[in-house]
Amino acid sequence: MNKEVRTRFAPSPTGGLHLGGVRTALYSYLYAKKHAGTFVLRVEDTDQTRYVEGAEKYILDCLDWCGISPDESPLKSGPYAPYRQSERKPMYKQYALQLIENGHAYYAFDTPEDLEKMRTDLKSEKNPSPQYDHSTRMQMKNSLTLSAEEVNDLLAKNTPFVVRIKMPSNETISFTDMIRGEINNDSNLVDDKVLLKGDGMPTYHLAVVVDDYLMKITHAFRGEEWLPSAPVHIKLWDYLGWKNDMPQWAHLPLILKPDGNGKLSKRDGDRLGFPVFAMNWFDPKTNETTIGFKEIGFLPEAFINLLAMLGWHSGEEKELFSKDELISIFSMERVHKGGAKFDYEKAKWFNHEWVKTISDDRCMMLVKPILQAKGIVIKDDAYLLKVIGAVKDRCTLLNDFYTQSVYFFETPTSFDTDAIKPKWNEDKTAFFNELMSQCAASTNWNAVELETIFKELATAKNIKMGELQMPFRIMLVGGKFGPGVFEIAEMIGKESTFERVKMVLGML
RNA sequence: GCCGCGUUGGUCAAUCGGUUAAGACGCCUCCCUUUCACGGAGGAAUGACGAGUUCGAUUCUCGUACGUGGUACCA
């Protein structure tokens, strides 16, 4: 009775991998792993007109980055290969034929023009989108209205055709969704969906059912946008005689725009200034690159964590979960029914929390290439490690490490002198000159020593520390941020410190 | 239009008939810090609307409104 749990993520290789897609993959992965099952990736490339080169590899890369790699995929084959629907093309037709044989499907020879005509002729205010269904199919050109002879003749002449499902009349089609419970549909309202296209490729409807069956999928998770066509799939499982093997369905809520209405799209990200795709996506058709969560500086741990919390809740107050924790605590029953608006501020918060959590070593591995890409020369990893330890709490995104730590490596290119100019005077200039000469005389160069000299000198000169510390910070950092000034001075060294002090003194 | 699904603070959300309706993000105040963060302590802010069931509804039922998805030889 207890079958091995098998879940799948079945994206179309048509472009960047959307947040919602990653979440569907994540939930499928978590569910499979929780039940010691298998997570498979099946590429649904049945629409050759929308196929985009490189998209498949990209999707795999995204899943790898997220740490939710499939156990079976086009790249990591398994017992039910191939995992690309285009390569499974021959398998679908026999099932379409079987359906026709049993009277559950039929050939349709209508041309696009015929369909267009039917739709415009029947279109009315009451019915703005007429369907190819029980009420119209007998007026169309198909194997239901044509004689067997005519059909055979058309077939023999290689007339283009599609295969359509013959939806039953007056039937309530019901199924149980793991998230929403029982869902009922009136079969009269469902149209005769195309199962096999003119090019011989199956549509999604036939392909999911056939492949889920053949790949022994036990739990099928997908977006809520599939709910309306679920009755078609239910009937297909039934008509194909596989009813008892039908997976348990779960239709995930949508991820909505932060503002306005509708589901979150790539455009919203562009408009509002945040990523929507998991990783950078280069579109070969437009030659444009769309920024991804990875490249903008998210940690994969944070990314899956925030996605897990968008539409699911553990019931506890805790919000920060590692992948392993999610695996053990995740449950479909706690997934929400309603869509959730995406909140980038909260997303960043998750990342900030994770940045504070990861080890300095791991952080260094991640940050080093970012710094180097910006032209920073790192001679000493030990030094970088120290810098990271000093600025880590101040970085929300990995890319923040650049602004938070450049001045440890390079003399700032601009100094916020406006912040100190108004209150500047000769006494202060004298203070810094004297500070340098005293330090020059000392053999020690460390934060404690420097702070002591600094304070004593300030007292002697009768200048408030606050009046001096901020200028010192501006000299070393360039702006009003960063760790303790004396610590910074110690780290960048006596020479750099003097150089920067002199430089700014000259600007005042 | 029709059909499906949904609706707790600005956002994410807990609650599975009885609570002062959690918590988090964001926002505000204060403390820490003579910077910025981190950390700590507080604060403002919520059950779409209307009926019904019930001793009692945020919770159950129905209606309305609103949102959302679908209505393709796209997935």
Side-chain angles (χ1 to χ4, degrees), chain A residues 10-14 44-47 49-50 85 108 110-112 115 119 123-133 160-164 177 179-180 183-186 188-191 193-205 207-208 222-231 251 253-254 256 258-259 261-263 306 309-320 334 336-350 352-353 356 391-396 400 404 416 419 464-470 472-474 477 479-485 488:
Chain A
S12 291
T14 53
E44 309 227 333
D45 55 350
T46 53
D47 186 354
T49 62
R50 293 210 306 158
Q85 287 182 334
D110 317 273
T111 63
L115 294 174
R119 290 192 177 115
K123 189 170 177 172
S124 66
E125 207 157 294
K126 271 285 205 178
N127 184 11
S129 47
Q131 301 191 118
Y132 201 123
D133 60 15
F161 69 87
V162 300
V163 175
R164 285 180 182 272
D177 184 279
I179 299 168
R180 293 149 209 281
I183 292 177
N184 300 303
N185 282 89
D186 178 354
N188 289 336
L189 271 9
V190 183
D191 66 331
K193 286 263 183 291
V194 168
L195 264 23
L196 204 65
K197 300 189 266 191
D199 62 2
M201 276 289 194
T203 57
Y204 171 83
H205 305 103
V208 234
R222 66 205 327 186
E224 192 184 345
E225 67 270 26
W226 289 108
L227 216 36
S229 51
H251 291 86
L254 268 8
L256 278 10
D259 59 350
N261 318 114
K263 51 178 179 177
L306 74 93
M309 301 309 290
L310 203 59
W312 171 85
H313 194 279
S314 72
E316 300 169 30
E317 285 190 7
K318 186 174 157 147
E319 287 190 280
L320 264 15
R334 296 198 66 91
H336 277 249
K337 297 182 176 76
K341 287 185 179 172
F342 180 67
D343 181 357
Y344 189 53
E345 291 306 317
K346 182 92 187 214
K348 284 194 291 191
W349 174 79
F350 272 105
H352 196 176
E353 292 301 311
K356 286 187 285 178
V391 303
K392 213 171 154 192
D393 284 355
R394 282 157 247 265
C395 298
T396 297
D400 293 340
Q404 289 294 338
D416 185 9
K464 283 191 215 131
M465 275 291 278
E467 301 271 299
L468 261 13
Q469 235 178 91
M470 183 52 79
F472 194 33
R473 170 175 298 282
I474 301 285
V477 176
K480 293 191 264 189
F481 60 95
V485 256
I488 295 171

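Proteins get letters first, then strands, A, B, ... in listed order; numbering begins at 1 in each.
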Exercise for the section: Compare the minimum distances between each of B:rC74, B:rC5, B:rC25 and the side chain of A:Glu345, then state the nucleotide with the smallest one. Expected result: B:rC25

Practice task
Taking only the side-chain heavy atoms of A:Leu227 (C-beta and beyond), determine which of B:rG4, B:rG23, B:rU34 contains the nearest atom.
Solution key: B:rG4

Exercise for the section: Output the single nucleotide from B:rU35, B:rG39, B:rC73 whose closest atom is nearest the side chain of A:Met470. Expected result: B:rU35

Exercise for the section: Look at all strands and tell whether A:Val194 reaches a base, only sugar-phosphate, or nothing, counting heavy atoms closer than 4.0 Å. Expected result: sugar-phosphate

Problem - Watson-Crick or G-U pairs under 3.5 Å in RNA chain B, rendered as dot-bracket with [ ] for crossing pairs and | for another strand - result: (((((((..(((.....[....))).(((((.......)))))....(((((..]....))))))))))))....

Exercise for the section: Could you work out the separation of B:rC32 and B:rA14 based on their C1' atoms and round it to a whole Å? Expected result: 32 Å

Exercise for the section: Tell me which nucleotide among B:rG70, B:rC2, B:rC38 gets nearest to the side chain of A:His352. Expected result: B:rC38

Practice task
Determine the interatomic distance between P on B:rC3 and the same-named atom on B:rA22; round to the nearest Å.
Solution key: 40 Å

Problem - pair A:Leu227-A:Arg180: side-chain heavy atoms closer than 4.5 Å - result: yes

Exercise for the section: Compare the minimum distances between each of B:rC5, B:rA14, B:rU35 and the side chain of A:Arg473, then state the nucleotide with the smallest one. Expected result: B:rU35

Exercise for the section: Measure the distance from CD on A:Gln131 to C1' on B:rG1 and round it to the nearest whole Å. Expected result: 12 Å

Practice task
Return the nearest nucleotide to the side chain of A:Arg164; candidates are B:rC73, B:rA22, B:rA37.
Solution key: B:rC73

Handout entry: Nucleotide of B:rA14, B:rC25, B:rA72 approaching A:Trp349 most closely (side-chain heavy atoms)
Key = B:rC25

Handout entry: Among B:rU71, B:rA24, B:rU34, the one nearest A:Ser129 by side-chain distance
Key = B:rU71

Problem - Minimum-distance nucleotide to A:Lys356 side chain [options: B:rU71, B:rU34, B:rC38] - result: B:rC38

Exercise for the section: Return the nearest nucleotide to the side chain of A:Pro228; candidates are B:rG39, B:rA13, B:rG70. Expected result: B:rG70

Exercise for the section: Mark yes or no for a side-chain to base donor-acceptor pair under 3.5 Å between A:Arg394 and B:rC36, with no hydrogen or angle criteria applied. Expected result: yes

